Amino acid sequence: MRDEVYCGPGSGKGTQCEKVVAKYGYTHLSSGDLLRAEVASGSERGKQLQAIMQKGELVPLDTVLDMIKDAMIAKADVSKGYLIDGYPREVKQGEEFEKKIGAPSLLLYIDAKSETMVSRLMKRGETSGRADDNEETIKKRLDLYYKATEPVIAFYEGRGIVRKINSELAVDDVFAEVSKAIDALK
Ligand SMILES: Nc1ncnc2c1ncn2[C@@H]1O[C@H](COP(=O)(O)OP(=O)(O)O)[C@@H](O)[C@H]1O
Ligand SMILES: Nc1ncnc2c1ncn2[C@H]1C[C@H](O)[C@@H](COP(=O)(O)OP(=O)(O)O)O1
Ligand SMILES: [Mg+2]
């Protein structure tokens with residue numbers, strides 16, 4: 001089993017994941033997409049999640065881990081490996097993932113400057129319809145990213161599985177670096 005994990009709002013995780021799926025055929029699981037699907041279902045739980053996401057905060061750990069675990073199980077028979085996007089967003093999430101699921105084999109750290117992330121998210125907000133792609137929420141998400149999510153990288157660095165990718169480059173150039181990191185696993 002192979003798990004790959006990513007970081008940073010607006011850094012280009014989703015964009016790179018799409019390209020990884022096309023080239024390597026991994027199962028892409030985005031915690032944000034799973035949560036937005038729950039919101040779109042109109043369920044009571046979805047309404048609670050929407051309120052949290054709109055504020056730029058993290059949803060409860062158990063909710064998101066259960067969703068990822070269920071989605072992984074649903075694809076277990078056909079999956080060539082999992083590409084997990086947007087998780088873990090805090091060290092505790094990484095610890096719980098290892099207890100309940102397993103250890104990842106690679107962490108792709110998709111790194112962009114904060115100004116780049118803000119401008120990409122503002123631009124995405126022109127068409128995304130996402131409740132969290134607005135100036136106020138973007139600022140909160142970035143603050144939380146530096147406070148809660150960046151320490152996740154240090155957590156995995158000790159294991160030698162972190163590959164830092166410069167995401168300031170054009171999409172295809174970023175992907176060339178991503179491909180190199182994945183190919184090195186083989
Ligand atoms: N390397 C890049 N150069 C320029 N724009 C990019 C690049 N990667 C992503 N984008 C754009 O930035 C925005 C955020 O990318 P996305 O993949 O949704 O990021 P994330 O999933 O990390 O929030 C999107 O509008 C995307 O088209
Ligand atoms: N692992 C996780 N733990 C808690 N909340 C999460 C989460 N993954 C996503 N969320 C919630 C809070 C995020 O601000 C929101 C959007 O996540 P996302 O779609 O991964 O954002 P992006 O791709 O722009 O970085 O969903
Ligand atoms: Mg995304």
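The structure displayed is predicted, hence computed values, not measured ones. Any value given below was found using the heavy atoms of this structure, including those in side chains, with hydrogens, waters and symmetry copies removed. Atoms within each ligand, like the ligands themselves, are counted from 1 in listed order.
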ask   = Under 4.5 Å between any side-chain heavy atoms of Val152 and Arg89, yes or no?
value =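 Val152 does not reach Arg89 side chain to side chain.
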Side-chain donor-acceptor distances from residues 42-56 under 3.5 Å, at least two apart:
residue, atom, partner, partner atom, Å
Ser43, OG, Glu38, OE2, 2.7
Ser43, OG, Ser41, OG, 3.4
Ser43, OG, Gly46, N, 2.9

Would [X] count as being in polar contact with ligand 2, using the rule that some N or O on each side must be under 3.5 angstrom apart?
X	result
Asp33	no
Asp132	no
Asp85	no

For [X], atoms of ligand 1 separated by under 4.0 Å from a heavy atom:
X	result
Gly12	8 (N), 9 (C), 15 (O), 16 (P), 17 (O), 19 (O), 20 (P), 22 (O)
Val171	1 (N), 2 (C), 7 (C), 8 (N)
Gly8	22 (O)

key: Glu57 touching ligand 2 at heavy-atom level, < 4.0 angstrom   =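 Heavy atoms of Glu57 do come under 4.0 Å of ligand 2.
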ask   = side-chain contact (heavy atoms from CB on, under 4.5 Å) between Tyr87 and Leu29: does it pass, once the steps are laid out?
value = CA-CA 9 Å; Tyr87 189 103; Leu29 298 175; over 6 Å; no
For atom 1 (N) of ligand 1, the protein heavy atom that lies nearest, with its residue and separation =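 Its nearest protein heavy-atom neighbour is Leu169 O, 2.8 Å.
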request  = From atom 24 (C) of ligand 1, work out which of Arg124, Met117, Gln16, Glu18 has a heavy atom at the shortest distance.
outcome  =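 The residue whose heavy atom sits nearest atom 24 (C) of ligand 1 is Arg124.
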ask   = Is the NZ or CZ atom of Lys80 both under 6.0 Å from the centre of the six-membered ring of Tyr26 and within 45° of that ring's axis?
value =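 Because its charged atom misses either the 6.0 Å distance or the 45° angle limit, Lys80 does not stack over Tyr26.
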